Amino acid sequence: MTFTDRSPLYAAVHEDGINRMLRHLRRQRPSLFNYATVGFTQYLRPLLCAPIDATDQVLASGQPLFTTEQPLPVIGAVRPIGLEFCLQVTDATVDLHPGDTLTLPPELGTLADQQFALRASACFGLGCPADGTLRNLVAEMEAAAAADILATRPTANPQTSPRSTSTSPAFAAGDSSAPDVVTAGEVICFCLQVFGVGHIQWTTVAGDPEPWLATRLDGLEVVDIETVPPSGLEDIVECYLKQVVELGILPRLIQPMERLMFDVTRMLQDNAPNVGQQVTLVPAAVPADVPHNPAVEHDELRVYVKIQARRR
């Protein structure tokens with residue numbers, strides 16, 4: 001039986017041709033396989049997880065080596081902050097049924113009739129800021145959180161609260177400026193392999209009467225992480241969580257003195273209108289007054305405060 005006995009037109013492409021095309025495409029259009037933030041076009045280029053293999057013609061023409069992406073947002077940060085990152089697909093191989101090129105992981109079984117398999121190797125890199133950079137950012141986040149608190153505070157009585165309620169223009173509440181990209185001190189990389197199986201079918205798209213060839217995914221499996229060296233996943237997760245905690249959660253926990261303690265002056269004026277003193281609260285000094293302030297001890301969080309009075 002010839003190929004055209006059941007159809008007037010026949011076309012086919014061998015998996016070797018598909019894989020050869022993928023290799024050429026990866027070298028001639030590297031931006032389709034490499035994604036990174038703008039910092040990798042500047043000071044982070046040597047820290048890419050994998051060298052970008054491009055043809056001499058691509059390098060000479062100045063074509064982009066990767067697609068520029070927005071920074072990875074630090075979830076919950078007091079003001080928009082983003083981290084540098086890169087995602088690189090370093091290899092892609094297709095295996096058509098009966099499946100004699102790739103060895104699938106046990107979770108995907110064997111390649112069924114009319115299925116194809118795909119293996120892709122990819123690396124993810126996160127630009128982790130240096131400790132000094134993070135300390136400066138923590139101070140900025142606390143200032144921004146304080147501005148939000150001051151902006152929602154009722155107008156104070158100048159006789160009972162000498163503290164100004166003005167906010168810093170740099171950290172005005174509701175500031176919707178573009179995210180600031182944090183300077184990376186290092187790039188932590190993690191690489192893994194992903195396997196997939198699928199099939200191809202004719203379908204309709206968006207009501208178009210013409211049939212379309214569509215690819216469907218039947219299964220996906222990531223190779224056991226512990227078997228893929230180097231394992232930088234733990235370091236990446238720790239770095240990112242550190243930014244979320246220090247730049248998002250902890251700065252929102254700061255509180256001014258008057259929110260921690262009652263307003264002594266107002267209380268005295270309400271109960272003894274003839275009181276002639278301005279009373280303020282200040283933290284007890286360490287170690288002159290107490291060994292620790294605040295203190296975490298005996299299953300308690302303790303805050304020691306001194307009362308200062310001055311005549312108006």
Side-chain angles (χ1 to χ4, degrees), residues 36-39 44 47 69-87 124-154 156 163-190 225 231-263 281-284 286 290-305:
T37 50
V38 68
L44 292 176
L47 300 182
E69 297 290 339
Q70 294 297 316
L72 181 67
V74 176
I75 296 175
V78 180
R79 63 180 176 85
I81 289 291
L83 302 179
E84 305 274 12
F85 79 92
C86 64
L87 176 62
F124 176 83
L126 181 67
C128 197
D131 289 341
T133 302
L134 183 58
R135 284 193 296 269
N136 293 336
L137 285 172
V138 168
E140 294 181 11
M141 294 301 109
E142 290 179 344
D148 290 340
I149 293 173
L150 294 173
T152 59
R153 179 194 297 169
R163 181 179 299 181
S164 170
T165 59
S166 62
T167 59
S168 169
F171 302 104
D175 185 12
S176 58
S177 58
D180 289 335
V181 183
V182 182
T183 302
E186 62 175 332
V187 175
I188 304 173
C189 293
F190 175 73
I225 291 176
S231 181
L233 178 60
E234 180 179 352
D235 294 336
I236 288 177
V237 172
E238 289 176 351
C239 173
Y240 185 73
L241 289 181
K242 185 177 182 181
Q243 315 309 309
V244 171
V245 172
E246 296 217 51
L247 303 181
I249 298 177
L250 296 185
R252 298 182 189 274
L253 299 182
I254 63 173
Q255 293 293 329
M257 177 65 73
E258 56 266 37
R259 286 201 177 185
L260 295 175
M261 294 295 172
F262 51 85
D263 190 325
L281 304 176
V282 295
V286 176
V290 290
H292 305 283
N293 188 25
V296 180
E297 54 195 15
H298 302 293
D299 299 325
E300 296 178 341
L301 172 60
R302 301 175 176 181
V303 178
Y304 300 92
V305 178

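All values derive from a computational prediction rather than experimental measurement.
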Would Glu84 and Leu44 count as a side-chain contact (heavy atoms from CB on, under 4.5 Å) here? Give the steps.
CA-CA 9 Å; Glu84 305 274 12; Leu44 292 176; 3.8 Å; yes
From CD (Glu140) to CG (Asp180), nearest 0.5 Å:
7.5 Å
Take a 6.0 Å sphere around CD of Gln70 and say whether it holds more than 12 heavy atoms from other residues, nucleotides or ligands.
no
Just verifying a value: how many Å separate Leu241 CG and Glu246 CD, rounded to the nearest 0.5 Å?
11.5 Å
Check the pair Leu247 / Val78 against side-chain contact (heavy atoms from CB on, under 4.5 Å), numbers first and verdict last.
CA-CA 7 Å; Leu247 303 181; Val78 180; over 6 Å; no
Would you give the length of the straight line joining atom CG of Asp131 to atom NZ of Lys242, rounded to the nearest 0.5 angstrom?
4.5 Å
Using the test side-chain contact (heavy atoms from CB on, under 4.5 Å), find all partners of Thr133 that sit at least two apart in sequence or belong to another chain.
Pro129, Ala130, Leu137, Val182
Sequence neighbours excluded, which residues qualify as side-chain contact (heavy atoms from CB on, under 4.5 Å) partners of Ala284?
Asp289, Val290, Asn293, Tyr304, Lys306
Ignoring hydrogens and geometry, is there a side-chain-to-backbone donor-acceptor pair from Arg252 to Ala77 under 3.5 Å?
yes
How long is the span from the CD atom in Glu234 to the CD1 atom in Ile188, to the nearest 0.5 Å?
10.5 Å
Which heavy-atom pair separates Pro251 from Ala145 by the least distance, and what is that distance?
O-CB, 3.3 Å
Note, Val181 side chain near Thr37 side chain (heavy atom, < 4.5 Å)
no
What distance separates Leu126 CG from Leu233 CG, expressed to the nearest 0.5 Å?
11.0 Å
Are the side chains of Asp235 and Phe190 in touch, meaning some heavy atoms are under 4.5 Å apart?
no
Roughly how far, to the nearest 0.5 Å, is the CD1 atom of Ile236 from the SG atom of Cys189?
7.0 Å
